[in-house]
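First the structure, in the form of structure tokens, and then the observations on it.
In what follows, residues are counted from 1 in the order of the sequence shown.
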Amino acid sequence: MRDAEIRGALVTLLRDQHGHDPSTLIRHELGLCAGRSRVDVAVINGDISGFEIKSDEDKLARLAGQVDMYGRVLDRAALVTTDRYVAAALTLIPAWWSVWIAKQDNGIVALANLRAGHRNASVEPFAVAQLLWREEAMAELRARELHRGLSGVRRWFVWQRLAESVELEELQAIVRGALRARRNWPGGQ
């Protein structure tokens, strides 16, 4: 089974689950940690959830690094894979990840939940802040009058100030709102 087939089934499932909710954004290729990693499909609503697809054509070599990056940012994560990789993948992903198996029957791909996940307890504020564009982070700091001395500095310092100044839960809400509000952001659904 190929990535495109699994992705199509996944997006259909996610639209069925969340299509009625106008505050939900389904996004392809969400960059994490300043682009060091990308989530195949993300759902942004009351959480930021990421879905990593491992098709029969993929390898698991990058999965350990993806697990690390996803764990810094995502509230929830899921592996969507085939029978080929499920056993090996289960040894690489933490218990908070859910696991979905893609099966094909007469050309139709169906997804079945193999393992329920739960909320990630190890989200890092700085990594969450990195989901914001520099201008978005600066606007938030300006609104709080915390922007002094940051006008000409690199985005890393802006993210750091925001991560240190705002409680994690509030920061996550700010980021989710900014991601959903973006209009000129390719990859959304």
Worksheet, complete the sentence: Output for pair (Ile53 CD1, Thr82 OG1), nearest 0.5 Å, gives 11.5 Å

Worksheet item: Should we say atom CD of Glu145 is surrounded by more than 12 heavy atoms from elsewhere, each under 6.0 Å from it?
Response: no

Item to complete: May I ask you to decide if Val99's main-chain N or O and Arg115's side chain share a donor-acceptor pair within less than 3.5 Å?
Response: no

Worksheet, complete the sentence: In short, Leu171 meets Pro125 closest at the heavy-atom pair CD2-O, 3.4 Å

Worksheet item: Between Arg155 (side chain) and Leu132 (backbone), is there a donor-acceptor pair under 3.5 Å?
Response: no

Discussion item. Please give me the minimum heavy-atom distance between Ala34 and Gln130, naming the atom from each residue.
Written reply: CB-NE2, 3.8 Å

Response to the item:
Taken to the nearest 0.5 Å, the spacing of Gln172 CD from Glu167 CD works out to 11.0 Å

Practice prompt. Please lay out, stage by stage, how Trp156 and Arg154 fare under the test side chain to side chain contact (heavy atoms under 4.5 Å, CB included).
Written response: CA-CA 5 Å; Trp156 303 96; Arg154 292 182 160 177; 4.1 Å; yes

Worksheet item: Do His28 and Val11 have side chains that get closer than 4.5 Å, going by heavy atoms?
Response: yes

Worksheet item: Are side-chain heavy atoms of Val166 and Arg144 found at a separation under 4.5 Å?
Response: yes

Worksheet entry | Test log, rule side chain to side chain contact (heavy atoms under 4.5 Å, CB included), inputs Leu131 and Leu30 | CA-CA 9 Å; Leu131 289 172; Leu30 175 65; 4.3 Å; yes

Worksheet item: Under 4.5 Å between any side-chain heavy atoms of Val41 and Val80, yes or no?
Response: no

Worksheet item: Is the shortest heavy-atom distance from the side chain of Arg36 to the side chain of Arg72 under 4.5 Å?
Response: yes

Worksheet item: Which residue pairs satisfy the ring pair (Phe, Tyr, Trp, His ring centres under 6.0 Å) criterion with at least one member in residues 76-112, sequence neighbours excluded?
Response: Tyr70-Trp97

Worksheet entry | Leu74 side, atom CG; Gln66 side, atom CD - distance, nearest 0.5 Å | 11.0 Å

Worksheet item: When you check the gap from the basic side-chain N to the acidic O, do Glu29 and Arg7 get nearer than 4.0 Å?
Response: yes

Worksheet item: Can any side-chain N or O of Glu5 pair as donor or acceptor with the backbone N or O of Arg2 at less than 3.5 Å?
Response: yes

Item to complete: Test Asp58 against Lys54 for salt bridge (Lys or Arg N to Asp or Glu O under 4.0 Å), laying out the working first.
Response: CA-CA 6 Å; Asp58 290 320; Lys54 293 297 182 195; 5.5 Å; no

Practice prompt. Return the minimal non-hydrogen interatomic distance between Pro94 and Val67, and the atom names on each side.
Written response: CD-CG1, 3.4 Å

Worksheet item: With side chains defined as the heavy atoms from C-beta onward, is the minimum distance between Val153 and Arg134 less than 4.5 Å?
Response: yes

Practice prompt. To the nearest 0.5 angstrom, please state how far the OG1 atom of Thr81 sits from the CG atom of Asp56.
Written response: 7.5 Å

Worksheet item: What is the minimum heavy-atom distance between Arg76 and Arg119, and which atoms define it?
Response: NH1-N, 3.3 Å

Practice prompt. Mark yes or no for whether Asp47, through its side chain, and Asp75, through its backbone, hold a donor-acceptor pair below 3.5 Å.
Written response: no

Response to the item:
Separation between CG (Leu114) and OG (Ser98), nearest 0.5 Å, reads 10.0 Å

Fill in: Smallest separation among heavy atoms of Val39 and Gly50, with atom names
CG1-CA, 3.4 Å

Practice prompt. Measure the CG-CG distance between Leu92 and Leu79 for me, rounded to the nearest 0.5 Å.
Written response: 9.5 Å

Worksheet item: With distance as the sole test, does Asn120 use its side chain to make a donor-acceptor pair with the main-chain N or O of Gly71 at under 3.5 Å?
Response: yes

Discussion item. If I compare all heavy atoms of Leu162 with all of Glu140, which pair ends up nearest, and what's the gap?
Written reply: CD1-CG, 3.8 Å

Item to complete: Step by step, work out the side chain to side chain contact (heavy atoms under 4.5 Å, CB included) result for Asp83 and Lys103.
Response: CA-CA 8 Å; Asp83 285 329; Lys103 299 213 181 237; 2.9 Å; yes

Fill in: Step-by-step side chain to side chain contact (heavy atoms under 4.5 Å, CB included) determination, Ile93 to Glu52
CA-CA 11 Å; Ile93 60 173; Glu52 179 58 31; over 6 Å; no

Worksheet item: Can you check whether Thr24 reaches Leu14 side chain to side chain, under 4.5 Å on heavy atoms?
Response: no

Discussion item. Tell me if the CZ atom of Arg62 is crowded by more than 12 foreign heavy atoms within 6.0 Å.
Written reply: no

Item to complete: Look only at the side chain of Arg161 and the backbone of Leu146, and say whether a donor-acceptor pair between them is shorter than 3.5 Å.
Response: yes

